[in-house]
Each structure stands twice: as structure tokens, then as C-alpha cells.
Amino acid sequence: MTVVRRRLRRQSLKDFLGALYSHRRFSLEKLRHFQQLQNRRQLMCAFLLLAIGFLAITAAVLVKVFQPYDLIFKWKLVMAENGEIFNLWAKPPVDLYIKIYLFNITNAEAFLAGREKLQVEEVGPYVYKELMTHENITFNDNNTMSTTPSHPLVWQEHLSEGRREDDEVVMLNIAMLAISHLTADRNYFFVRLPMQGLFASTKSEPIVRMTAREFMFGFPSTLATLGNTLLPNWISFEKVGLIDRMYDFSTDFETFHTGVPDPAISGLYATYRGETKLPQWEGDHCSNIEYASDGTKFKSFIQPNETVKFFRKSMCRPINLYRDGEERTFGSLKGYNYVFEENAFDNGAINEANKCFCRHGDCQPVGLIDVTDCYYGFPISLSFPHFMNGDVGLVENITGMQPDPEKHSTAFVIQPESGLPLSLSVKVQINMHFKDLQNYPQVSQFSHLTAPMLWFEIMMPKLPDELDTRFNFYLNLLPLVNPLGFWGALVLGVGLLVYAITRATLHMSSFTRQATNISDGKYARANLLQNLTGSGGIIGNGNQVYNPCELKLLDDVPTAKKHVIIRGNSDDEAYQERRQSAYALELEPALSDAESSDEGNESDTVTLSRNSTTSSSCIEVEHDDDICIDCFDDNGLEVTVDAASTSSSSSSKPGAKHQLGVSLASSGYASSPASSSSSANELSGSNSKTGWMPYAHPEKFDGTTGMTKHV
């Protein structure tokens, strides 16, 4: 009966401990697997953050080096078929106007009679809208494009301030005065005499009455018709109209740069009528029109002290523009004021370089430029309106001239990065400059006189709202790509790197701390239990789980310290509480294979701890920071040693109690070979007076009940 009870008790303990340990081992394995997956995810996340951070920093460096906005903007400037800038240049969607002011002669009879100076009054404005286009565009292999310009004019009555095209005005007879000027020094009998007869037969007068439109776009003239009949290569028109001749582009063909390889020169002149120089002038300063603008687009990326060049057929010459004044705002865009170069019409009197504008060595007065070759040989000269900045004699010989710099100055407002004109106002006056005409009595009063005919203003007050919005994006918003891209990518990259490194460091530190806590707690429990059972130097001088050299004191680890409570069933129900120093094993002890030890022999003894120095049987239960070890008395039970040993050994004391040390915290307390071999020896040396019964299933043991366990 005793044997059966002993075996039942042993089997119940084995089942209980096996189930508990198996469950704890399974939980630990699941936890370990979860921690491994979590660690892998953390490492992958940190790696991705590091990669993105490096890519962001690389992007910031690339932005700083290559300046993507500049690359995009230069690409947009290049003229390509159906490209945005090309379409704007081919047909500019702008409101371009020409305002014309006529000089109406008020004292024609008195002047022709020689009684008064020529007196004029300004009449206007007569406003037309210029529909500027580039037709028949062909792209060439040398990065240029050829085109035929077109500038049709459309009457704008609502802008003409009450003026009408049929207003009557008294103006110069251009045809008669031009012929007189050209033949004044020719042979009398073969040229001048026939011309005088022609003037008389056609009843031509040097000053005539006509409508404003006739003067601008051509009025019937017998002389013009005769000249067209007899000299078609010279006079290719039947009507003489000053604006009509100025806007005759039928024989013109031009070539412009596309912007390859230099985007700054896109839309600028390459040649005019197949040449880079104008045939009527000598020297590059006066004749070279290459890289000049026709007003549609100027040079891009203009530097503060750099000049830009402007050319238009009506001016018959290129002219340099200089920056003047502070930055100005038009709409949402900002630009600078550019004006004609100082002394542009001085013919070398002040600026030596302008001497090349003296036609055939004959320099006109300061303020005039001879453009005879551009107007069919007519004695046409250009000046600023009302002879502004011209020779004093020009104003003194004519009554009614009132030059005003504020009203008569030319100005271009250009956005320097793009070369886009934000506003322009080009003001030029057309005059007839005569030499000695004394050989023709009808026109002798015009000798050595510069007679004003009209002045015009080609103007664009501002960009249309659509263009203003578009270029506001290109010139004001898009440039933010460079600084925002650089600083944004740099801050993002550095931030991601710092975050990834910090996160990885904290994760590894937390992982190490958790592993240390688990190991420390496990090893500490093994040593504490060993000490409590008498082998740790507290009770007796038994062997430790491992030698002292294998242990390390962990007093500085708060989480490793436990409260150990030993409860007994003595009469006074004394409670002993001991605070033990925390120990951690350098090497994790192996669990004892209780099952195999029992199966391998017929021993009736259950050995569950490494050492046995007391007669108590204990169970350890961990809860939070406490380890509770409950021990139970087994007065009614006789636990003998192995059955075979009992029969053969008479020295064993009957009724000797065997210590049962049980760990329920899955700490892996196993018997080392040394301790298991010493268990039998320690049985005989036990001095315990009190028996203890392990808390397994006490209800099965003859009504003996132990104390309830406290956690």
C-alpha cells in the first residue's frame, strides 16, 4: 500500500510538473518566435528608412548641382515645332497697337509765299491694331527657322479718341517733293525742264489736302502712277502712303535662331533678307542685325550691364537698348526699363561709333538719321517725336514743335530671365529732309528744311491676363522648385536617417534588456531556490547549482530581485521571509529528465532538485515580484529510498525524508550529474525533524492537507 501511494504521489507530481513545464515552454517558444518576427520587421523598416534617407540626400545634391528649374526653363525656351514658346512667337496673343499722329499744316499759303515759317499742329491719335505673325515657317538644319513676316493693321475707332480715318488734313505731297529732291542738281535741259513741265501738266502742288487714311495708306497721284509705269523697278506702287510703305513686308524674308545650343538667343534674328548685315550701312555697329529682336522676344538671361538689340524694318537700323531705372511691376511679373542708347541719332557728333550712319559721308543734323535707302530713295529721315534731343535748328525752323520727354520717350519693359516684353512703347517720327531745291521754284521754300510728317507709337500696354498667369507660374512659382527641392530633400533625408538610426538603436537596446531580464530572472530563481533549500549557504553548506565562478552578482538589476516566502505547517505557523541577492547563471542549466530517471530504474525515490539537504518538499510559484514556496508535512508517510537499495542496505534509516524541490516557473532547474549522485548521500545526513509533503494532490493522501499556496 505504501508503494502504491508513493507511486501515485510521484506520478501526480510528474504529471503536474510536466504539464506546467510543457505549457511554459510552448509559451516561451511562441514569444521567442514573435520577438524574432518583430525584430525582423524592425530591421526591415530601419533599412527602408535608411535607403529612403540616402535617396533623399542624393536628390538634394542633384538638385543643387543640376538646378532642375534652369534645365526645364531652358528647355521651354527652345523653339520647336508646335512648342509652347514657338506658338507664342509665331502668333503672339498680345494686344499690339500703333498710334499715329499727323502733323497737319495750318499755314500752307503763307509758307509757300515765304511769309511765314512752316506751322503744324499735331492731329491724332489714329489707332490701329497690329496683327503680327510669322508666316511660312521652315526649320533649317543649322538650328534656324525661316519665315515671312506679316503685320496687317486693323482700325480701332474706339481707341482713336474721336478721330476718324476720313478726317481732312493738309499734308506734304510726298511724290512731288521726293522727285524734286532727287533731280534738283541734275541737268536742266534733260531732267529738270521736263520735270517742271510734268508738274505743271499734272497741276501738282507741294502741299495738298486729303483724308488721314489717304495720307497714311496712299492717295491717287499722277506722278506715282507715271513713275510706276516708267520705272516699275523703282516705284512698285501706284499710290504713295507713308504707313503703307512702312508696313510693306511682301518682299521680306527673315531667319531666326531656334535656341539650339544656346536657349538665350531663341527667337532672335539670324539674318534679314539672307544677310546678317544691312546693305545701306557700313560697320557692324550700324549694320549687324544678328541677335537683334523684332520685339516679340528679347534675349534671355540678360545681365544688369548688358545691352540688348532691337531691329524693325521701319527704323531701317539696329539700335541698342540699355537698362534704366529700378525694377518695375506689370501685372504679376517684374521687369526692368530699357531705353534707346544715348545720342542714338547724333550721326557721330557725340558718339564716334554713329558716324557710320552718315549716308555717303553726308551727316545730317544731330537728332536725324537718313533712311533714304529703306524708303525707295525718298528723302526720309527719322528722329524722336517733335525733334526731341535733336539739333536746336530743327525746332526753330518749324512752328508747333513741343518736345516732351515724358510723352515722347521710348521705353521697353523686359523680364530679364525670359526676355519677355511686359510692356513696350516705341516712338519714332518720320520727316522729309531736303537739300537745296532752288532749281524748282514751286518747292524752293523747302530748301534745307526738315519737315515733319507724322510720328507713331508702337505700343503694347501690358500682357494679356492669360499670358500673365502662365508666365507668373513659369517665372515666379516654378523657380521655387530649386530651393524647396534642395532643402526639402535634405531635411527629409537627414530626418529619416536620424530617425532610422535612433529607432534601430532603441529597439536593439530594448531587445537586449528584455533578454537580459528574462535570463536574469530565470537564473536568479534557480539560485534562490537552491539557497532556500539549504545548498546556497543560507541553510547548510550544500553544493550550489554551478560553481561560484559561473555566477555573477546582479544587485544592480532591480527587476531581478525577488521576495521569497517559505511557508511551513509548524505549530507557530511562522513565516520566514528572506531577501536574496539576485544571481544569473552564465550558462543555462538543463532541465532534469525526471521521466527518464524514473523509467530507467525501480527507485521509489523522486528526485526533483539538484541538491537535497532538508526534509522539506517545496513548490515555487512566481507572481509579479514574489516567489512563493509552499512546503507540506508528511508525518503519516514513510518515504524510503529505492526499493532495491532498501533491501540491500540496512544502514538506511527507516522513515528518512527525501527533499523534493520543485520549480513551477519553468526556470529549468535540473539536476546536474554531480548533484544527482550526491542526493543519496545527503539523505542519510538529513537532520530535519519536521517532515514536509509536496503540494501535489493532498486530498489523496489520507486526509492530510497542506497549507494553501499563496501567490
Side-chain angles (χ1 to χ4, degrees), residues 73 76-77 84-85 88-89 91-99 125 127-132 151 156 159 256 263-269 291-312 314-315 317-342 344 384-385 388-389 404-429 455-479:
F73 190 68
K76 296 288 288 184
L77 287 176
E84 182 179 11
I85 300 299
L88 293 176
W89 173 84
K91 294 183 178 180
V94 298
D95 298 325
L96 187 63
Y97 300 97
I98 178 172
K99 291 183 176 181
V127 183
Y128 295 86
K129 185 173 184 178
E130 181 178 331
L131 305 178
M132 180 180 182
H151 301 260
Q156 304 290 304
L159 298 177
F256 294 86
I265 63 173
S266 65
L268 303 184
Y269 272 105
Y291 306 124
S293 170
D294 64 350
T296 307
K297 176 191 173 296
F298 291 86
K299 184 179 183 296
S300 303
F301 310 113
I302 307 172
Q303 300 303 313
N305 296 325
E306 187 177 5
T307 63
V308 294
K309 194 182 294 186
F310 175 71
F311 171 72
R312 193 172 174 101
S314 59
M315 297 187 64
R317 58 160 287 182
I319 189 168
N320 292 324
L321 306 177
Y322 290 84
R323 181 181 292 189
D324 178 61
E326 300 297 326
E327 189 177 53
R328 302 176 61 184
T329 300
F330 280 79
S332 58
L333 302 176
K334 295 181 179 181
Y336 289 91
N337 205 49
Y338 284 80
V339 298
F340 285 158
E341 59 183 333
E342 191 175 358
F384 292 124
M388 184 182 68
N389 299 333
D404 185 349
E406 292 187 2
K407 292 177 58 178
H408 302 141
S409 296
T410 293
F412 299 77
V413 180
I414 303 173
Q415 206 284 329
E417 282 76 24
S418 64
L420 178 71
L422 307 181
S423 173
L424 59 86
S425 175
V426 183
K427 301 172 183 177
V428 178
Q429 180 172 301
W455 71 273
F456 63 86
E457 176 187 9
I458 299 175
M459 62 169 294
M460 182 187 72
K462 66 174 185 176
L463 287 177
D465 293 339
E466 179 185 356
L467 282 184
D468 182 80
T469 302
R470 185 186 305 184
F471 281 96
N472 177 49
F473 172 74
Y474 290 148
L475 300 173
N476 295 335
L477 300 180
L478 200 58

Q) Among Y338, F298, F330, which residue meets the ring-ring contact (aromatic ring centres under 6.0 Å, His included) test with F412? A) F298
Q: Given side chain to side chain contact (heavy atoms under 4.5 Å, CB included), test F256 with L268 step by step and report yes or no.
A: CA-CA 5 Å; F256 294 86; L268 303 184; 5.7 Å; no
Q) CG of D324 to CZ of F340: how many Å apart, nearest 0.5 Å? A) 13.5 Å
**Q.** Residue pairs fulfilling salt bridge (charged side-chain N to carboxylate O under 4.0 Å, His left out) with at least one residue in residues 325-335, sequence neighbours excluded
**A.** none
Q: Heavy atoms only: give me the nearest F384-K427 pair and the separation to one decimal.
A: CD2-O, 4.0 Å
**Q.** Charged N-O contact under 4.0 Å between R317 and E341
**A.** yes
**Q.** Residue pairs involving residues 457-471 (criterion salt bridge (charged side-chain N to carboxylate O under 4.0 Å, His left out); sequence neighbours excluded)
**A.** E84-R470, E466-R470
Q: Quick one: list whatever passes ring pair (Phe, Tyr, Trp, His ring centres under 6.0 Å) with H408, sequence neighbours left out.
A: H386, W455
Q.
Using every non-hydrogen atom in the two residues, find where S300 and S418 come nearest and quote the distance to one decimal.
A. OG-O, 2.8 Å
**Q.** CE on M459 to CG on L96, rounded to 0.5 Å
**A.** 9.0 Å
Q. Do the two ring centres, one from Y269 and one from Y291, sit under 6.0 Å apart?
A. no
Q | M460 versus V94, closest heavy-atom pair with distance | A | SD-CB, 3.8 Å
Q) Which heavy-atom pair separates S266 from L77 by the least distance, and what is that distance? A) OG-O, 2.9 Å
Q: Hey, could you give me the OG1/CG distance between T469 and L477, rounded to the nearest 0.5 Å?
A: 10.5 Å
Q. Sequence neighbours excluded, which residues qualify as side-chain contact (heavy atoms from CB on, under 4.5 Å) partners of P479?
A. Y69
Q. Considering only heavy atoms from C-beta outward, does the side chain of L420 approach that of L463 to under 4.5 Å?
A. yes
Q) Is a donor on one side and an acceptor on the other found under 3.5 Å between the side chain of N476 and the backbone of S332? A) yes
List, one per line, each side-chain donor-acceptor pair under 3.5 Å for residues 305-312, sequence neighbours excluded.
from: E306; atom 1: OE1; to: Q303; atom 2: N; distance (Å): 3.0
from: E306; atom 1: OE2; to: K299; atom 2: NZ; distance (Å): 3.2
from: K309; atom 1: NZ; to: N288; atom 2: O; distance (Å): 3.2
from: R312; atom 1: NH2; to: E130; atom 2: OE1; distance (Å): 2.9
from: R312; atom 1: NH2; to: E130; atom 2: OE2; distance (Å): 2.6
from: R312; atom 1: NH2; to: Y247; atom 2: OH; distance (Å): 3.4

Q: Identify the two heavy atoms, one from P464 and one from P93, that lie closest to each other, and give their separation to 0.1 Å.
A: CG-O, 3.0 Å
Q: Could you pull out the closest heavy-atom pair between T410 and V339, with the gap in Å?
A: O-CG1, 3.6 Å
Q: Could you pull out all residues at least two apart from P416 that satisfy side-chain contact (heavy atoms from CB on, under 4.5 Å)?
A: I302, R323, Y336
Q: Rounded to the nearest 0.5 Å, what's the gap from CD1 on I414 to OG on S293? Could you check?
A: 7.5 Å
Q: Using atom types as modelled and distance alone, determine if a side-chain donor or acceptor of K297 lies under 3.5 Å from a backbone N or O of L88.
A: no
Q: Mind checking the CG-CG spacing from L321 to N337? Nearest 0.5 Å is all I need.
A: 10.0 Å
Q) Would a 4.5 Å heavy-atom cut-off, applied to side chains only, mark F456 and Y128 as touching? A) no
Q) Can you tell me how far OG of S409 sits from CG of D404, rounded to the nearest 0.5 angstrom? A) 8.0 Å
